[in-house]
Amino acid sequence: MANMANTVAKCIGGESDDGTFKVSQDAHVPPLKSDEFYIKTEAVAVNPSDTKMLGDFQTKGGILGTDYAGTVVAVGSEVTDVIIGDRVCGATHAMHANRPDRGAFGQYNVSAGKIWLKLPAGTSIEAGASLPAGLCTAGQAIRQLGLPLPDAPAEKPKKVLVYGGSTATGTLAIQLLKLANLIPITTCSPKNFDLVKSYGAAEVYDYRSPGCAELIRKDTANNLAYTIDCITTPESTTFCYAALGRAGGRYVSLDPYSAFAANRKAVKGSWVLGPAIFGDKSSWPAPYGRKGDEELRDFGTKLFQVCQRLIEKGELRGHPLKVIEGGWEKVLEGMELVKAGTLSGEKAVVRLVGM
Ligand code: CO7
């Protein structure tokens with residue numbers, strides 16, 4: 001099996017005239033460049049961003065989905081780092097106007113740059129599928145705070161607040177920070193305290209308890225300088241800004257945040273766009289449109305090299321999973337589950353069987 005270009009395959013997305021998502025039988029597998037490889041998709045994760053690809057986000061004929069895992073079935077002539085039969089997971093563009101044939105929710109995926117990981121024997125396909133978008137997001141957030149990755153640990157440990165530590169992005173951010181000699185402190189519901197501690201949180205706070213931001217400010221001696229907001233609501237932005245110490249610091253969120261909540265000049269705020277890590281232009285509507293950024297692409301390559309080593313050593317693990325088994329229709333069910341917001345401390349992954 002070499003170049004499968006134009007092979008007809010199943011996907012979620014397809015020609016969506018009514019703006020809803022559906023299983024399509026007529027996706028065309030993209031052509032393979034010499035430095036790319038094909039993966040037969042065996043599991044996909046559902047991210048909150050998948051459920052938001054409506055209206056102007058839709059690309060006619062576009063495929064949905066960011067996270068996939070499966071087995072390599074064909075490699076381009078220049079590929080030296082994987083062979084047919086390797087199990088890999090990766091992230092890809094979704095609903096991208098310039099590349100509508102890309103999207104994780106398709107029977108075959110094409111590798112995107114170096115944004116993929118080879119799965120060690122002890123890591124399941126489902127666990128693999130839960131990792132890439134979260135790593136892209138958490139990694140970029142850490143970069144935007146000006147903090148290091150685990151390959152170049154901080155000389156002096158510093159506290160970093162991860163607001164929403166029990167989210168799938170939160171548990172990855174906590175681990176990456178701790179492995180970089182930083183001190184992750186976090187917020188979540190009390191039922192998830194043990195969960196976030198098991199990933200390395202040094203302190204955990206119930207964000208619903210009155211005066212919680214002020215308590216963090218006190219416990220950090222009015223010196224906290226870094227916050228990652230994995231939730232990004234006006235309340236979460238207000239909380240993070242209030243927890244930062246007297247001298248201010250940096251705030252990074254996973255979506256555009258409310259300007260009115262970002263109410264301190266001494267705090268430098270920014271937000272990350274997960275797919276920006278591919279380094280090319282984002283075709284999504286404002287404010288998600290972006291120019292390409294080669295430095296970010298290089299960062300992504302490095303991030304995934306670092307994470308590959310950590311996963312092989314068993315030092316980085318994914319979020320607890322809510323595994324759903326079945327055909328592509330189950331991905332639509334998974335999206336409904338994520339949209340309903342009822343998952344707590346679990347990431348929805350669909351193990352594709354009987355397709
Ligand atoms: O990266 C990409 C591409 C790369 C190539 S695409 C982007 C992929 N990332 C996403 O789609 C995640 C974006 N994040 C969000 O949309 C939000 O931040 C939410 C809040 C949906 C979190 O998403 P995530 O998938 O990380 O979280 P989750 O579904 O695993 O977490 C849910 C938990 C709840 O259990 C709440 O925690 P507990 O401990 O209270 O149960 O999030 C918590 N939560 C809130 N916490 C405070 C939910 N709503 C909350 C709120 N305030 N309003």
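In what follows, residues are counted from 1 in the order of the sequence shown.
- Counting only residues at least two apart or in different chains, ring-ring contact (aromatic ring centres under 6.0 Å, His included) contacts with residues 112-143 comprise F37-W116.
- Applying the side chain to side chain donor-acceptor pair (under 3.5 Å) test to pairs two or more places apart or on separate chains, those with a residue in residues 229-244 are D229-S236, D229-Y251, T233-E235, T233-S236, T237-Y251.
- With 3.5 Å as the limit, one finds no donor-acceptor pair spanning the side chains of K156 and N181.
- The ring-ring contact (aromatic ring centres under 6.0 Å, His included) analysis of residues 54-97, with sequence neighbours excluded, yields the pairs F57-W284, F57-Y288, H93-H96, H93-F278.
- Smallest separation of non-hydrogen atoms from A97 and P100: O-CD, 3.4 Å.
- Residue pairs meeting the side chain to side chain donor-acceptor pair (under 3.5 Å) criterion with at least one member in residues 326-344, sequence neighbours excluded: K191-S344, N192-S344, K330-E333.
- Residue V349 is not grouped with residue I324 when hydrophobic side chains (ILVMFWY) are merged at heavy-atom distances under 4.5 angstrom, including chains of intermediate members.
- For the ring-ring contact (aromatic ring centres under 6.0 Å, His included) condition, no pair includes a residue of residues 293-321, sequence neighbours left out.
- F260 belongs to no hydrophobic cluster, as no Ile, Leu, Val, Met, Phe, Trp or Tyr side chain comes under 4.5 Å of its own.
- Every residue meeting the side-chain contact (heavy atoms from CB on, under 4.5 Å) condition with K52, not counting sequence neighbours, appears here in chain and number order: P48, D255.
- Screening residues 119-153 for ring-ring contact (aromatic ring centres under 6.0 Å, His included), with sequence neighbours left out, gives no hits.
- Applying the salt bridge (charged side-chain N to carboxylate O under 4.0 Å, His left out) rule to pairs touching residues 71-91 yields D81-K114, D86-K118, sequence neighbours excluded.
- For D280, the salt bridge (Lys or Arg N to Asp or Glu O under 4.0 Å) criterion is met by R99, not counting sequence neighbours.
- Residue pairs meeting the side chain to side chain donor-acceptor pair (under 3.5 Å) criterion with at least one member in residues 298-311, sequence neighbours excluded: Q308-E312.
- Checked against side-chain contact (heavy atoms from CB on, under 4.5 Å), T187 has the following partners two or more places apart in sequence or in another chain: L161, Y163, Y205, Y207, I216, F239.
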